[in-house]
Every structure is written in C-alpha cells, then in structure tokens.
2 protein chains.
Amino acid sequence: MRASDKVYDTLRTEIVEWQLVPGTVLAEVEQSERLGVSRTPVREALARLVADGLAVAQRGRGVVVSEVGKDHLEDLFVLRRVLECENARLAADSAHAGEFAELAQAFDRAAAQESMPDAASGYYQLVARLDESIDQAAGNSYLSAALRNLRVHLQRVRRLAQDNPQRLRASAREHASIAWAIAQKNPDLAAAATTVHLHQSLTHIKNYTPTTERQHP
Amino acid sequence: MRASDKVYDTLRTEIVEWQLVPGTVLAEVEQSERLGVSRTPVREALARLVADGLAVAQRGRGVVVSEVGKDHLEDLFVLRRVLECENARLAADSAHAGEFAELAQAFDRAAAQESMPDAASGYYQLVARLDESIDQAAGNSYLSAALRNLRVHLQRVRRLAQDNPQRLRASAREHASIAWAIAQKNPDLAAAATTVHLHQSLTHIKNYTPTTERQHP
DNA sequence: CATGCTTCGAGTGTATACATAAAAACGGGC
DNA sequence: GCCCGTTTTTATGTATACACTCGAAGCATG
C-alpha cells in the first residue's frame, strides 16, 4: 500500500472519529514527522481530504479540519434524502430486489433484540451491508460515488449524537421497512421508508446533540 | 495563481473539449515538459482530475483520460435529474424566486431569436447564469458542490452531440419553463419542467451521437 | 500610548534526485 | 516456432532541498 494512502486513511479516520476536532491545523511538516513519512505523501493526502470536504485549505495557514455546523445539517440531509431515495427506488426496480428479504429479517431480529446497545458495532455493520446491497442492486455508479462521499460526513456527524437503545431499535425498524419495501419491489414505498428513516435520524441528531456553543477566542 | 491550478485548469479544459480523447495516457514527465512545470504540480493536478472522475489511475501505466460510455449516460442523467430537480424545488421555495422572471424573459427572447446557432456561445452563458442563480437561490452548498462535479462531465458529453438550431431553440423554451416555474414559486412545476428538459436533452444526445464503435487494437 | 513599518520566521509551493515496481523487450530453453 | 524467465527501461512513488509568500512580532516614530 502506498504511503500517501496510509496517511489519507489515518487522517480520515482520525477526523471522522473526532480525534482531530474541527479547526485543527494540519501542517505538512508536523504530520509528516508524526506519521513518519515525507511531506509529499502528506500533501497528497491533504489534497484528497480537501476534495472530500473533510478539510478546507486556508490561505497561508495550510489546511484545517472543516467545521460541522448544525446549520449545515439540514442541507446535508436534503442531499442525502434525494440520493438515498433514488438509490432505494432503483434497487426496488432491480432484478436483485428479492434478495433483500433476508436482510429485512436480519433487521427485524435486530429490532427485537434485547441487548441492542451492546451489539451496536454489529448493527452498524448490518447497516453498512444494507447500504452496500442497495448500491449494488441500484447499479448506478455515479449515484454510489456521490453517496460514498456523503456517508463520510455522516459518520462524522453521527459521533455528535450519542446512541441510545431506543433510537437504535427504532432505526432497526426503519431499516427493516426499507429492506422489506425493496424486497416487495415497491419503489415508491422504498423511497417513502427511506424518507421516514432519514427524517427520524436527523431529528434524533438535532435533539441529542450537545449544543456546540461557538467559542469566541 | 499556483502552477498546479494552472495545470489542472489546462488539462481539465483539454479533456472537456475533447482535445485529450478518452484513453489518452497522461504521463507526468510528458505533461510537465509540455506545460513547462515540474512533476510535482502535475501530480497534484492529475490527482484532482482522478478525484473528479475525468481520469482514472491505472496501476503502473499512470492515469488515463476516462471513457464516456453511452451506457453510462442514463446513470449520469439519473443523478443529474434528482439533483437538479431538488435544486429547482429549493429555488422555487426561496425568497429570491421572484428574481427569475427576468431570466425567464431572457430565455423567451433566446427561443424566439432567428440566428440561434450563431449565438450558441452566448446562449450557453445564459444557461450557466440560470444554473448559478438556481444554486444561489437554493442555498444548499452540498447540493451545489455535487452538481458542480457533475456538470463537468455533462460539458464533456455535450461535445458528443452536435447542436442544431432546432434543439437549441427547444432547449431555450425548456429553460424558460423552468425559470418561469421558479418565478411563480411553484416547486412541483419547477421540478417537472426540469425533468422534462433533462429527458429531452438526454434523448437528443442519444439520438445525435455518432455511434462510437469500440476500437479493437 | 497607539499606529505604522520593518524584519524575521514559519509554512507552503516548486523543483529535482533517488528508490522502486511494473511493463515491455530480449534472449534462452523446450 | 513458441513460451517462459530475465533484464532493461520507463514510469510512478518518495524524499529532500530551495524559493517565495504571508503572518506575526518587535521596534521606532508620531
């Protein structure tokens, strides 16, 4: 694996996991020394992060980790809604729609599970599997690429809101609805279920996010 | 302006204008010699082109200009439709919707113009103005960013289909419909008009594109 | 004491040299 | 004559040295 890829993965993970908080300056020399590589791979990685929107290039000061404004959340979810809804529609119309019954059952089991918070990691894996399956079934590479870029930001936002068992179970039920709608080859229903899920998700994040009062230095 | 930006703009323009046809290998040393800069800015520019999807990195052979498959056209326009429709919806709901009456009149005049093919360049500028106005009125930076990436590909596709006066006039009428719908603050109508326009545009491109039979070397 | 200029420094932007890996070409063996 | 291994070449990947710009701090002056 190339060193620049390693640097990119490392920085991207650290930004998503809030080890690098918004506003942190990512100096080339500093990062190159910390990660044990030259400036060149670091430069490449930083450029990719800027392209992803995870960092912004500031004139003279280098690149800094981008802010995650609560005021931008609505915009983010508007874009996510149109993309995920179309993705779900296409998946429900695809030949592989029937294969989603198995996934739907898995979500049903997850929703009924008692020890939901303990299995949060496994649950997120299941969500990732559903997303991936929808992408494959929809078969639109442009849509998948746009969503891939978007989901990085969402992983980052997710860390803002603490997960509670109730929300996780509700999320499992909503995902089950989406999977069942696709399995039944009903595009409109799949899109509607997706809209419902994203609305609930956004509402939860907005309610359970500690108000990040802007620091006035 | 930085050298890497200049290289990026140059290569991007040449790709969009089909001076660099799909499959062309963009070797770092070759381009650095041609453009009179070092390899470092060229590398950065190539990385940005790959991120844009205008080029793909091939293992060992460097990066090559990406193909524009007619089979991918439908996928591209699906994504474009959902993004542009939502954008038009948001613009029609915005406070600046009324300002689109002026643009709509400009499109009406363009549609009525006799010497349409001669004014093609000016007409495309007008289209760009409408796109920009919709972006601003919609006020969703994530949506705008996604569309900005997409429109580059569309400029490239547009060169495939030769413009004829009839199509340009029809396009002007369709754009006028969109602008009027926004000016009348009717989101559903704006989205519908956008869908109609994109459908016609895709149909035209598919019909008037010379069948690019794959070359077997 | 405030404001403006100057100078210093830290950081990026660029060029180039070196390492490395993959692809093509060449030669030897079958 | 064909195929496989080796070599050579050519490309990218990485490291580092140098130049230049922007910011900040410090000093001088009004």
Side-chain angles (χ1 to χ4, degrees), chain A residues 1-15 19-67 145 148 214-217, chain B residues 1-15 19-67 145 148 214-217:
Chain A
M1 179 184 251
R2 299 185 303 181
S4 64
D5 290 343
K6 217 177 69 174
V7 173
Y8 172 74
D9 286 340
T10 301
L11 291 177
R12 183 170 160 280
T13 301
E14 288 179 348
I15 291 175
Q19 295 169 21
L20 291 172
V21 296
T24 305
V25 292
L26 299 174
E28 292 179 4
V29 285
E30 172 193 352
Q31 297 301 320
S32 65
E33 288 172 0
R34 183 169 75 94
L35 301 172
V37 293
S38 166
R39 274 183 56 206
T40 310
V42 173
R43 272 186 75 79
E44 198 156 324
L46 291 179
R48 290 175 66 182
L49 290 173
V50 170
D52 289 342
L54 290 175
V56 290
Q58 284 200 1
R59 175 85 182 177
R61 268 199 306 181
V63 306
V64 301
V65 180
S66 63
E67 302 279 341
R148 192 165 46 242
R214 178 78 53 191
Q215 316 242 347
H216 294 281
Chain B
M1 180 184 252
R2 298 184 303 180
S4 63
D5 290 342
K6 216 178 69 172
V7 173
Y8 172 74
D9 287 341
T10 302
L11 290 177
R12 183 170 161 280
T13 302
E14 288 179 347
I15 291 175
Q19 296 169 20
L20 291 172
V21 296
T24 306
V25 292
L26 299 173
E28 292 178 3
V29 286
E30 174 192 351
Q31 297 302 320
S32 64
E33 287 172 0
R34 183 169 74 94
L35 301 172
V37 294
S38 167
R39 274 182 56 206
T40 310
V42 173
R43 273 187 74 80
E44 198 156 324
L46 291 179
R48 290 174 68 182
L49 290 173
V50 170
D52 290 341
L54 290 175
V56 290
Q58 284 199 2
R59 176 86 182 178
R61 269 200 305 183
V63 306
V64 301
V65 180
S66 63
E67 301 280 340
R148 191 165 47 243
R214 179 78 53 190
Q215 316 240 347
H216 296 279

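Reminder, nothing fancy here: chain letters follow the sequence lines and each chain counts from 1.
Straight-line distance from the CD atom of B/Q58 to the P atom of C/dA24: 11 Å, rounded to whole Å. Protein atom CZ of A/R39 is 18 Å distant from nucleotide atom P of D/dG13, rounded to whole Å. One can place CD of B/E33 at 17 Å from C1' of C/dT14, the figure rounded to the nearest angstrom. At whole-Å resolution of the value, CE in B/M1 and P in D/dT21 are 16 Å apart. One atom, CD of A/E44, and another, P of C/dT14, lie 15 Å apart when rounded to the nearest Å. Atom CZ in A/R43 sits roughly 16 Å away from atom P in D/dT16 (whole-Å rounding). We find that NZ of B/K6 is positioned 10 Å from P of C/dA15, with the value rounded to whole Å. To the nearest angstrom, P of C/dA15 lies 13 Å from CD of B/E28.
Put simply, OG1 on B/T24 and CD on B/Q19 are 11.0 Å apart, with the number rounded to the nearest 0.5 Å.
Between D/dG13, C/dA15, D/dT14, one nucleotide has an atom nearer to the side chain of A/S38 than all others, and that is D/dT14. Taking every side-chain heavy atom of A/A27 into account, C/dT12 is the closest of D/dA11, C/dT12, C/dT14.
Checking B/L46 against A/P41, the closest nucleotide of DNA chain D that is more toward the 5' end is the one next to B/L46.
An OP1 or OP2 oxygen of D/dT14 is reached within less than 4.0 angstrom by no side-chain nitrogen or oxygen of A/R2. At the phosphate of C/dT14, OP1 or OP2 sits under 4.0 Å from a side-chain N or O atom of B/S4.
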>> Would B/R48 and B/D5 count as a salt bridge (Lys or Arg N to Asp or Glu O under 4.0 Å) here? Give the steps.
In response: CA-CA 10 Å; B/R48 290 174 68 182; B/D5 290 342; 3.0 Å; yes
>> What verdict does the salt bridge (Lys or Arg N to Asp or Glu O under 4.0 Å) test give for B/D9 and B/R2, after you've listed the backbone C-alpha separation in whole Å, the side-chain angles of each residue and the deciding distance to 0.1 Å?
In response: CA-CA 11 Å; B/D9 287 341; B/R2 298 184 303 180; over 6 Å; no
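Side-chain N or O atoms of B/S66 include one that pairs as donor or acceptor with a backbone N or O of B/L54 at under 3.5 Å.
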